There are 2 protein chains.
Amino acid sequence: MEASRKDLAFRTREGLIHVSRKPPEIDEEDESEFLAHYQGEEYPRPSVAVDLVILTIVDVDLKVLLVRRSEHPFKGVRALPGGFVRVGDSSKNQGEDLDAAAARVLSEKTGLPSRSLYLEQLYTFGKANRDPRMRVISVAYYALVRPDLVPFVEARQMVENGSPRAVWLSFSQTGSEPLAFDHSEILKTAVKRISGKIDYTDIAFELVPATFTIGELRSVHEVIKGTAYDPGNFRRRFQRMLADRIIEKAPGKRLTVSRPAAVFRFRRP
Amino acid sequence: MEASRKDLAFRTREGLIHVSRKPPEIDEEDESEFLAHYQGEEYPRPSVAVDLVILTIVDVDLKVLLVRRSEHPFKGVRALPGGFVRVGDSSKNQGEDLDAAAARVLSEKTGLPSRSLYLEQLYTFGKANRDPRMRVISVAYYALVRPDLVPFVEARQMVENGSPRAVWLSFSQTGSEPLAFDHSEILKTAVKRISGKIDYTDIAFELVPATFTIGELRSVHEVIKGTAYDPGNFRRRFQRMLADRIIEKAPGKRLTVSRPAAVFRFRRP
DNA sequence: TAAATAGTGTCTATGAGACATTATGTA
DNA sequence: TACATAATGTCTCATAGACACTATTTA
């Protein structure tokens with residue numbers, strides 16, 4: 001490949017780089033032509049889906065809510081719950097917000113009002129051929145379900161027929177049983193994100209019951225980070241939150257196998 | 001609103017929550033009907049665009065690369081560079097990857113090979129009516145251009161005609177001159193993300209020349225965080241990076257208005 | 001020489017982590 | 001009584017920040 005005399009080249013950390021002073025003609029034509037036609041709706045559009053990583057922690061075990069696919073491809077394989085974003089058919093009626101689509105799927109699958117759960121956009125997965133049928137771009141969200149709400153989610157799954165529509169599966173088991181599409185990657189991305197955020201945000205409180213002990217909160221951190229924390233040191237970290245009024249004492253004590261523990265409540269900001 | 005006798009209700013931090021044991025019939029029908037038809041391509045799809053926040057720091061000033069819109073809506077208003085994701089017309093040919101679309105737009109607008117720049121997905125903006133013409137879901141990316149590459153970007157803008165196609169605007173000026181669509185929000189989100197990541201990642205090295213002084217690196221941090229750092233303390237932080245072999249000494253010295261400074265180089269992992 | 005920035009050193013406060021000790025329940 | 005976990009205390013080390021001081025250049 002030879003650069004024309006008017007071209008620029010410079011050496012960088014990535015090696016020699018050529019900069020053409022004229023943008024390549026074919027690119028320009030391509031782009032403007034593409035845009036012109038695109039507005040005219042001649043070019044194909046992708047489907048856009050939302051996929052949800054719905055997580056909880058029960059009995060010191062991270063669990064994710066999964067469905068089993070009833071259609072090809074990946075028929076019979078577990079997958080993240082998801083749905084297509086509903087798009088209107090005119091400029092006046094453009095359909096539902098992206099966040100609303102995620103909240104809708106979350107409510108559908110859990111039976112809980114989405115405003116009672118923590119829901120946040122995770123990442124958008126858009127490789128070509130990630131769905132063999134057609135081009136699907138998936139905006140992934142993750143949601144956290146407090147363990148005291150889990151029974152309500154399970155109750156919802158048992159109503160329609162004998163086989164549950166969605167089940168909680170241990171995150172540790174999802175390694176040996178791959179998910180449909182690129183959902184294993186999405187799941188891993190979600191856990192990684194939470195693991196990164198738990199140290200400097202309040203999301204840990206979305207994974208304990210409304211009232212909780214320091215030990216319960218600690219085990220949430222331990223499950224997410226995959227490491228053990230010194231109980232005494234963790235307690236000190238916690239007491240700073242108490243001083244900062246992020247949490248407050250709740251009445252009563254939690255009875256355990258040993259000495260009863262004080263219970264606390266998160267002061268939602 | 002009255003709950004049926006079989007419904008469950010429970011009190012949470014968010015108030016009283018009702019859980020219907022049976023999923024609402026109308027929802028279920030809606031969903032399955034929707035999905036069935038969707039696969040048949042009867043339902044409308046959104047357009048998916050990538051919008052890029054391309055940033056650099058020149059003369060202790062954070063700048064963003066903006067274009068001026070030549071079409072309605074927002075004709076004549078500044079906007080982030082962007083483009084539609086190219087989607088194929090069959091299941092075999094599904095078009096370009098989402099990341100590839102972002103890299104393509106980045107190359108088109110800067111004239112630089114995208115692999116020589118830092119590019120990362122930011123967030124997906126999908127509110128209905130964010131584009132008045134039609135439903136557009138925008139996957140935003142941000143890119144960082146080292147200041148020693150800026151002249152090449154500017155050279156590219158001058159070729160086609162007299163008026164540049166894209167210009168660097170000071171971030172501080174974008175507050176008084178709102179951008180098209182929700183691009184002001186996207187821009188703010190990008191700067192916030194960078195501000196959060198600069199403390200625990202290596203992205204600061206994407207905003208200094210290939211070789212740089214400690215003072216130059218410090219002023220990048222100061223511009224991004226909007227605060228002043230103590231030169232001595234910052235230097236110590238930096239020396240740990242030197243010990244950890246994240247950076248290394250480069251030959252020569254940078255001549256300044258005062259005492260010349262040692263120059264360093266980032267050891268790309 | 002004055003101004004400016006590079007570069008070094010010192011002191012303090014804070015938080016993380018290792019580890020020991022006491023307190024209070026259950027089996 | 002043995003065991004388990006709650007709750008407290010102590011010590012060390014790493015880091016952030018305030019601040020003083022020296023070094024080396026240009027104007």
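Chain letters run A, B, ... following the sequence lines, proteins first, then strands; residues in each count from 1. In this text, all values refer to a predicted model and were calculated from it rather than measured experimentally. All values below come from the heavy atoms of this structure, side chains included, with hydrogens, waters and symmetry mates left out.
Side-chain proximity of A:Arg236 to C:dG7, C:dT5, D:dC11: nearest is D:dC11. Among D:dA6, C:dT5, C:dT8, the nucleotide with an atom closest to any side-chain atom of A:Ala261 is D:dA6.
The interatomic distance linking A:Gln239 (CD) with C:dG15 (P) rounds to 13 Å, in whole Å. The CZ atom of A:Arg254 sits 12 Å away from the P atom of D:dA7 (whole-angstrom rounding). Atom CZ in A:Arg237 sits roughly 13 Å away from atom P in C:dA18 (whole-Å rounding). The NZ-P distance, from A:Lys225 to C:dG17, rounds to 10 Å in whole Å. What separates CZ of B:Arg240 from P of D:dC13 is a distance of 17 Å, to the nearest Å. Here C:dC11 presents its C1' atom at 13 Å from CG of B:Asp230, a figure rounded to the nearest Å. The CZ atom of B:Arg235 sits 16 Å away from the C1' atom of D:dA20 (whole-angstrom rounding). Going from atom OH of B:Tyr229 over to atom P of D:dA18 covers 11 Å, rounded to whole Å.
Backbone-only engagement by A:Arg218 is indicated by non-hydrogen atom pairs under 4.0 Å involving sugar-phosphate atoms exclusively.
Summary of the strand contacts: A:Arg259 and A:Asn233 both lie near DNA chain C, and taking for each the nucleotide with the nearest heavy atom, the more 5' one is attributed to A:Asn233.
Between A:Phe205 and A:Phe212, the two ring planes are tilted [angle within 30° to 60°]. Between A:Phe238 and A:Phe234, the ring planes lie parallel to each other; the angle is under 30°, not in the 30° to 60° tilted range.
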Pair A:Arg267, A:Asp202 - check salt bridge (charged side-chain N to carboxylate O under 4.0 Å, His left out), show working. CA-CA 10 Å; A:Arg267 284 167 48 91; A:Asp202 294 331; over 6 Å; no

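Taking 4.5 Å as the limit, some side-chain heavy atom of A:Arg218 sits within range of a side-chain heavy atom of A:Pro231.
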